[in-house]
Amino acid sequence: MSWFVGGLFERRKDELDEEIRAHIAMDVQARMERGQSRREAEAAAQREFGNIALVRDVTHGFWRWNRLEDLTRDLAYTVRVLRRASGFSIAVILTLAVGIGSACAMFTVVDRVLLRALPYQNADRLVEIRVSGKRGALQHSSPYLDIEQWQKRGHAVSQIAFYSYNRVRVSFLDGGNGATHVNAPTISANVFETLGVHPALGRGFQQEQSSGAVDPQDAHSLILSDAVWRMNYGGEDSIVGKTVKLNGDSFVVIGVMPRAFTFPFSADLPVVWTPLVLGTADATRVHNVTPDYQTIARLQPGVNLSQAEAELKVIQSDVAKAYTDLYYRDELTSISLQPYDASLIDGEIRKALLALFGASALLWLIACVNVTSLMLARATARQREMAVRGAMGASRWQIVQQLLVEGLLLSGCGSMLGLGMAVVMLKFFEHGLVSQFSIHEPLTPNLAVLAGLFGLTILSALLISVWPAIGAARAQIEPALRQGAPQQGSGRAQHRTRALLVITEIALSLTLLVGCGLLLRTIYALKHVPLGFRTEHVMVAKMIIPSYKFAGRNMTTELYQPLVDRANHLPGIESASLMSQAPMDHTARMEFSLGRASNSVDDVRRSMIRAEFRAVGPEMQRVFGFPMVRGRFFNEQDTATSQAVVVVNRAFVKAYYGDERDPGKILGEHLLSLESTRQAVVVGVFEDEHQVSAAAPPRPEVEVCIPQITPNTGFYTGAEGVAMDLAVRTGQSPSAILPELREAMRKASPDLADSKFTTMDQIVEDSFGSQRLAAELLEIFGGSALFLCVAGIYGLLAYLVAQRTREMGLRIALGAQRSNVMRLVLKQAAWMLLAGLGTGLVLAYFGSLGLRTFLYGVKPEDPWTLVVVTLLLLVSGLAAAYWPARRAAMVDPMEALRAE
Amino acid sequence: VSTSMLGRNKYKNRIELLQGTLDMLILRTLQWGPSHGYGIVQALRVQSGEALQVETGSLYPALHRLERQGWVQSEWKQTESNQRARFYSITAAGRKQLQDDLGRWKQMVDVIGAILHREPEGGKA
């Protein structure tokens, strides 16, 4: 820093030198006028002036700039002092690093997930329009006719753009080197305008003025994202105007969007945008036939969210009248607006993340408390040093300044180390964090995080040095100098302060440990949920189906049957089968609902059933071992030409009849038709299984048989053309059969060779990934807290025992039993522990309410967890107290008395 | 802050002035008009009847301190003998400070004088 003020400083130095020279010159002149020779006069003037260097130095002391020089001197001195007390410094720096590191790591995640800036202009003015009804269900998409009404009659929102996007639907973009998987949302022409972002290259879609949709002229135009442009086309400007193939269809590239732009923001894959051209179907409002679109709109300047919502609600009440089906009309009578950025993150996830962030902040606080306690102990030991410095003329402020510099240096070192720890921790938990919080950028601390870290460093420095500094500023110099032993003279008040700090530490640690305990119980409970199927020895290949390559052909017979046959004949594979979605796998999910035949109570209830819908192969039961309750599962006799059949689960039967009557009653019911002439009958009921996750209860489910599906089947594209899981049961290790399995898939279709493989056990584990992540993080936080807490108790008691050596010696000399002395120390520990645990239990109760969203099978006030964790802390605390207590009891009375 | 008496008993009679006394003397001297460091030393010597020789090691720090406190200000000027020197002059705040100092000084002289001029009645003061 000295170079900063260097210039000014040097100038003032020169001025002072000149002032001194002038002084001497005048003196010489005066003396010569009185008749002395020049030489005599000069010598006398020099003598009278005195030590020039000293005058200069003392005068410097009054310059403002000098503070900086002081600071560097303080810093150098502090470094020397801390290096001498290296054990203390290392303990402090490590403790702070743990606290600051964990807070920094969690803040990085919070910054990425909650504080991220969307790559749109004034992103906080963007909203999503959702339709809601009397039964509370929210719909994220609406037919164009409804959107048109909002556009025409709404004044509070300036533009309403609309798009169609399915996150799990993967498209194939044919580039120079094979097909790439991309997300290809279909967007209206005014989407980019609404977002306030324009193509970096080429142009956007031409707009149909009345609707905002894409003009039919651009029906075969395509816009690339920067990522796709660079990856597939080498970032060449000449791409504009070229023809590319998306899912087998030809498109002309008309533009490239700027770097870092993406929309919808949740896209996992590189994105290309396809034109949304309105067609004849958009002129109707037929449920399940008319296409629905998601919306994004911009609020007019000066209009707030609730004003816009109020206006749209009025419009929607008119729009709903256009629906002739009274039952359906009730589901879209109202509107709710949601800011677009808030729609990207689930409320529960936000809460969970904040809870984890809170936990890391707690650990930081514990670390600071621990260090404060250490600093206080050290301040006591340094009382004489401070007193000597005071006596030598250091002002109180200078001493306080010195202590602050010390705190700053320690917390600075702690932060550096903590930053390193944060990076390691983020690397270690990257998979969990990225998948749980759907983060798309690399998880490394950025500028915002570094700024936060800087703030945290200053705050830590203040927290840990303010108490000792106050003590030092208040201390009387004289008594400290007068007394013989440096250890004495630390008042009772200080002991109480330190005891209070340890109690705080115990209370905060208990809070973290209870959270950790609850999550461990949750994991245990989740692992023991009866899933309804076997998971061991099952491998799943997640296939993304290049259905465009099979256009006009029958995928059932040309892709799937050969694939299953090949897989079933591979050595080491007990059975292999296909399933449109393996249990707990979050690929393309299909939902089944029944049409409403009449307005009878039964029919209304049935029409409200939302069941999982899966197309499975007949071998599936052998792979997963779903137990049957009634009837049979599919078998090899169920073919495209035989009677169409379905199986349902027990939950479906219950929802269908509204009660728990004999599930066999549903056998023979017609639920759906494969084609207009092929009514399917229920032939079996299987036991409920967890389809979504271990924590979510089983849902009603309907399964159809893959060999029975033909291109004429209504759900052919949905069931077979998007994604398919190949599940195999094998006694061998996954790596042993993987190469041959991959080869079999490559033979079926080359695109399937790079499918992702995973084990069913892994899928189940992933389904409670958020709990596992939270548990692992809290294990680290709680473990560190426990360690710091034990160190804190030990530190304080060891210090107290050292201070009272003489007293203990005296007691023993006077006939006290050693066990009594020991009890004296343990009593002190027990007192602190009980006070800390009592406070901690209250804190823990409120703390674990924040964790509620993570918990499964255990309540926040679970007595077992509370008891076990309390006992754990109690035992560790007493163990920490045992050594100092033993040392106290072992004091040799003679030595203790002689020592002083 | 220390000054020394001139003359034969120069070292014997060294007295320790109370903190702030030198400041007061400097401010008082500057009330007659701006002066440089050398001038102030000379003025104090003459006015004290050659009894006070202010040490430069005290004077210059004091001048710089007073300047920082805003009680004096300085500028570089030529002396009559064409020597470039830094001239200090008293500011309004300095005048006010001087008044306060003088009041306190007078009070202290009165109090200490009252004690010292009493007849001893046994025991040390």
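Protein chains get the first letters and strands the later ones, always in sequence-line order, with residue 1 at the start of each. Quick caveat, the model's predicted, so the values are computed rather than measured.
For the atom pair B:Y38 OH and A:F49 CZ, the distance stands at 12.0 Å (nearest 0.5 Å). Once rounded to the nearest 0.5 Å, the distance linking CD1 of A:I20 with CZ of B:R86 reads 11.0 Å. Note that CG of A:D27 is 6.0 Å distant from CD of B:Q42, once rounded to the nearest 0.5 Å.
Crowding of A:R38 atom CZ: a count of heavy atoms from other residues, nucleotides or ligands under 6.0 Å not exceeding 12. Other residues, nucleotides and ligands place no more than 12 heavy atoms under 6.0 Å from the CD atom of B:Q107. In A:M32, the CE atom is crowded: over 12 heavy atoms of neighbouring residues, nucleotides or ligands sit closer than 6.0 Å. Counting non-hydrogen atoms of other residues, nucleotides and ligands closer than 6.0 Å to CZ of A:F454 gives a total of 12 or fewer.
For a residue to count as touching a neighbouring chain, one of its non-hydrogen atoms must lie under 4.5 Å from one of that chain's; by this rule A:Q29 touches chain B with the side chain only.
The minimum heavy-atom distance between B:R84 and A:A22, with the atom names listed, is O-CB, 3.4 Å. When all heavy atoms of A:E19 and B:W76 are compared, the pair lying nearest together is N-CH2, 3.7 Å.
The closest side-chain heavy-atom distance from A:E48 to B:T56 is not below 4.5 Å.
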